[in-house]
Amino acid sequence: MRRSLVAGNWKMNGSRTESAALLQGVKKGMSSASKAEVAVCPPYVLIPLAAEKLAGSAIAWGGQNLSAHKSGAYTGEVSGPMLKDYGCTYVIVGHSERRTLYGENDALVAEKYGAAQTVNLIPILCVGETLQEREANQTETVVARQLDAVIDKHGIGSFRNAVIAYEPVWAIGTGKTATPQQAQDVHRFIRSRLASHDEVVADNIRILYGGSMKSSNAKELLAQPDIDGGLIGGASLQVEEFLTICRAAD
Ligand code: 13P
């Protein structure tokens, strides 16, 4: 049985005061009996605050990105060991905003995935197609290419300690959600792609859906057989919205 995971990707949002309130609210509202796992990924500078506020709770925290390098002259970068040092469990890798706005290609994403695993951070590998690619019937080709870049470099076995997030680019921050069936179809495709290498790995890996998931549509999406949780942007910034999604995954 795969344990559901709901992870909040705060993106570049939140002051220290707002974030403290958000962390406090989520911690308070989470039932300790929750079967679903919950995590938050704040901006780098707020990770120490998350570590402080969430210590001793069942809620995990993680980064939104990391450097492919361990340390050195890389101005502005943050490394895997640094995230680990602040108690991070997860790190998002290859988010579409990193791919499109910061030029991260499949090769760099694969390097970052490896850098995360080297220090026992669990990468949340994001894949997904743009609207143009979907309309050109290239969804599976694009997602396969994004997955294969990592499988080729690190092997199928590396997916024993990873999470995948399917995030159709056209659904991110747009209020436009993939229908449960559209999402399920791609999730199933991802799982079958992994199964062609190793069925056990494919069976066990958690595949999250991301893209305008909110309290009003979470239940239906999470009811799909191959959707094992969510990677939540906007709705993770509001305590009640986020908690409702967490409960739907429970
Ligand atoms: P939204 O939930 O704001 O659409 O963002 C999804 C996302 O990009 C999560 O990583």
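Any value given below was found using the heavy atoms of this structure, including those in side chains, with hydrogens, waters and symmetry copies removed. Atoms within each ligand, like the ligands themselves, are counted from 1 in listed order.
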Show which side-chain atoms of residues 169-176 pair as donor or acceptor with protein atoms under 3.5 Å away, not counting sequence neighbours.
unit_1: W170; atom_1: NE1; unit_2: E129; atom_2: OE2; d: 2.8
unit_1: T174; atom_1: OG1; unit_2: W170; atom_2: O; d: 2.9
unit_1: T174; atom_1: OG1; unit_2: A171; atom_2: O; d: 3.4
unit_1: T174; atom_1: OG1; unit_2: K176; atom_2: N; d: 3.1

Please tabulate, one pair per line, all N/O donor-acceptor pairs under 3.5 Å involving side-chain atoms of residues 114-123, not counting sequence neighbours.
unit_1: Q117; atom_1: NE2; unit_2: S158; atom_2: O; d: 2.7
unit_1: Q117; atom_1: NE2; unit_2: N161; atom_2: O; d: 3.1
unit_1: T118; atom_1: OG1; unit_2: G114; atom_2: O; d: 2.7

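Not a single donor-acceptor pair under 3.5 Å links the side chain of K27 to the backbone N or O of S57.
Taking the six-membered ring where the residue is Trp, Y209 and H187 present tilted rings, their angle falling between 30° and 60°.
Applying the ring pair (Phe, Tyr, Trp, His ring centres under 6.0 Å) criterion to H95, with sequence neighbours excluded, gives no partner residue.
A salt bridge links R99 with D106: at least one charged nitrogen is closer than 4.0 Å to a carboxylate oxygen.
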Show the short N or O contacts, below 3.5 Å, that ligand 1 makes with protein N or O atoms; if there are none, say 'none'.
unit_1: ligand 1; atom_1: 2 (O); unit_2: S212; atom_2: N; d: 3.4
unit_1: ligand 1; atom_1: 2 (O); unit_2: G233; atom_2: N; d: 2.9
unit_1: ligand 1; atom_1: 3 (O); unit_2: G234; atom_2: N; d: 2.8
unit_1: ligand 1; atom_1: 4 (O); unit_2: G173; atom_2: N; d: 2.7
unit_1: ligand 1; atom_1: 4 (O); unit_2: S212; atom_2: N; d: 2.7
unit_1: ligand 1; atom_1: 5 (O); unit_2: K11; atom_2: NZ; d: 3.2
unit_1: ligand 1; atom_1: 8 (O); unit_2: K11; atom_2: NZ; d: 2.8
unit_1: ligand 1; atom_1: 8 (O); unit_2: H95; atom_2: NE2; d: 2.7
unit_1: ligand 1; atom_1: 8 (O); unit_2: E167; atom_2: OE1; d: 3.4
unit_1: ligand 1; atom_1: 10 (O); unit_2: N9; atom_2: ND2; d: 3.0
unit_1: ligand 1; atom_1: 10 (O); unit_2: H95; atom_2: NE2; d: 2.9
unit_1: ligand 1; atom_1: 10 (O); unit_2: E167; atom_2: OE1; d: 3.2
unit_1: ligand 1; atom_1: 10 (O); unit_2: E167; atom_2: OE2; d: 2.9

